[in-house]
Amino acid sequence: KKQIKKPIVSKFSEFKENEIKPSRNGRVGQSETVTKGKPDEKHDHQETTIVEEVIIHETEIIQTKAVTFILAMTIPGSGKTKLKEELIKEIAKQEQEYGNKVKFVHASSDDIRADLVDKRIRQYRETREQAFKATQKDAVKEFNHKIDLIIQEIIADKEYFGFAVFLDKNIVPDQFADLKTHLKELRSKLKSENISSKVIGLVPE
C-alpha cells in the first residue's frame, strides 16, 4: 500500500522527532511523531497517513544547591590545616578537569580565638594566658556566628550550586553537643530554602 503523508502543521515545524529544545519560558519540551492511519474511502487501494506532531511532556529544569559540612573533630596539631589545603587543591583540580564548580568556605575557631585574645590583651593589658581563658565563651559564640554568616551567603549566592564548608574547630566533648545542635538548626534552615545538606565528621586514625 502506498503511504501518503500530509505536511506537518506549520506551528510544529520547528520540532524534530525525539528532539529536546528549550522554550522561551525556560522549560524544555520533548516532541514525538505520532502517526494515525485510516483507509481513504475514495481510494480502494490507498491509505492516507495523517502525521501529527505532539509535545508529549514538558519538564521545568531547576538547579538546586547542595552543601557539605566537613567537621574535623581533632585536637590541635593533628593536621586540620593540611587537610584544608589538600581539599582546596582537589576542588580546584575537579573544576579544571570536569567543570565541577564547588565553592570552598571555612570557619576557623583558632583564627577567631586569636583575634579575640589580641583584642583583649590590647584592651585590658592581660597576659596571653589570661586573655585566652577569658575569651572561651566569646570564641564559641563568634564561631557560631561565623557559620551563620556563611549560611546566609550560601543562600544568597547566585553563581555556585555546590558548597564545601570546612569547620576547623578543636572539638571537646562538652562542646560537641552544642555544635551538633547548631548544625541541625542550620540544616533545617537550608532545607527550608530547598538546599540539601550533609555532615561529614572526620577523626584521626
Side-chain angles (χ1 to χ4, degrees), residues 62-95 100-205:
I62 302 175
Q63 178 70 64
T64 57
K65 296 178 181 178
V67 179
T68 299
F69 294 97
I70 303 170
L71 179 57
M73 299 181 288
T74 63
I75 60 176
S78 57
K80 295 191 299 295
T81 301
K82 179 64 176 178
L83 174 61
K84 180 184 71 175
E85 293 172 351
E86 291 299 320
L87 284 172
I88 293 173
K89 290 179 183 178
E90 182 62 26
I91 288 174
K93 180 181 177 182
Q94 291 284 329
E95 180 175 350
N100 299 333
K101 292 189 66 176
V102 176
K103 187 173 184 178
F104 183 90
V105 291
H106 80 284
S108 171
S109 63
D110 288 341
D111 292 345
I112 292 172
R113 188 72 172 271
D115 289 341
L116 292 174
V117 168
D118 289 341
K119 290 178 181 178
R120 190 169 180 90
I121 290 174
R122 291 194 299 268
Q123 183 176 359
Y124 298 103
R125 304 296 180 181
E126 294 177 336
T127 65
R128 185 161 296 275
E129 183 178 356
Q130 290 171 331
F132 186 83
K133 291 180 179 180
T135 56
Q136 181 175 353
K137 291 184 178 180
D138 288 341
V140 174
K141 182 179 178 180
E142 287 298 317
F143 182 77
N144 290 336
H145 180 61
K146 174 66 175 180
I147 304 175
D148 292 339
L149 293 178
I150 289 174
I151 297 304
Q152 293 176 18
E153 292 172 359
I154 288 174
I155 293 173
D157 196 296
K158 303 298 183 182
E159 181 179 0
Y160 289 86
F161 290 94
F163 300 85
V165 181
F166 188 84
L167 302 180
D168 184 352
K169 181 176 175 59
N170 301 320
I171 304 296
V172 293
D174 62 335
Q175 294 180 0
F176 179 71
D178 293 338
L179 180 59
K180 184 178 179 180
T181 300
H182 190 210
L183 286 176
K184 185 176 181 180
E185 294 171 352
L186 294 176
R187 295 186 68 194
S188 296
K189 183 175 183 179
L190 290 171
K191 186 177 181 180
S192 69
E193 297 287 341
N194 295 318
I195 301 175
S196 62
S197 66
K198 64 180 178 180
V199 178
I200 298 177
L202 303 177
V203 294
E205 294 182 350

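Just so it is clear, the structure is predicted and the values come from calculations on it, not from any experiment.
Proximity of Lys65 to Asp157: side-chain heavy atoms (C-beta onward) are separated by under 4.5 Å at one or more points. Side chains of Ile88 and Phe166 form no contact here, defined as non-hydrogen atoms less than 4.5 Å apart.
Listed by chain and residue number, nothing satisfies the salt bridge (Lys or Arg N to Asp or Glu O under 4.0 Å) test with Glu95 (two or more places apart in sequence, or in another chain). For Lys189, there are no salt bridge (Lys or Arg N to Asp or Glu O under 4.0 Å) partners at least two apart in sequence or on another chain.
The number of heavy-atom neighbours closer than 6.0 Å to NZ of Lys146, taken from other residues, nucleotides and ligands shown, is 12 or below. The environment of Phe104 atom CZ is dense: over 12 non-hydrogen atoms of other residues, nucleotides or ligands sit within 6.0 angstrom.
Residues Asp168 and Lys84 are not paired through a salt bridge, judged by the lack of any N-O separation under 4.0 Å between the basic side chain and the carboxylate. Comment: Lys133 engages Glu129 in a salt bridge, judged by a side-chain N to carboxylate O separation of less than 4.0 angstrom.
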message = Set out, in order, the CA-CA distance, both residues' side-chain angles and the distance that settles side chain to side chain contact (heavy atoms under 4.5 Å, CB included) for Gln152 and Leu149, then state yes or no.
response = CA-CA 5 Å; Gln152 293 176 18; Leu149 293 178; 4.1 Å; yes
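Listed for the Arg113 side chain is no donor-acceptor partner under 3.5 Å among the backbone atoms of Ala139. Remark: side-chain polar atoms of Thr127 are paired, donor with acceptor, to backbone N or O of Gln130 under 3.5 angstrom. A donor-acceptor pair under 3.5 Å is absent between the side-chain atoms of Lys101 and the main chain of Phe161, judged by distance alone.
Of the candidates His145, Lys169, Glu142, Ile112 forms a side-chain contact (heavy atoms from CB on, under 4.5 Å) with just one, namely Glu142.
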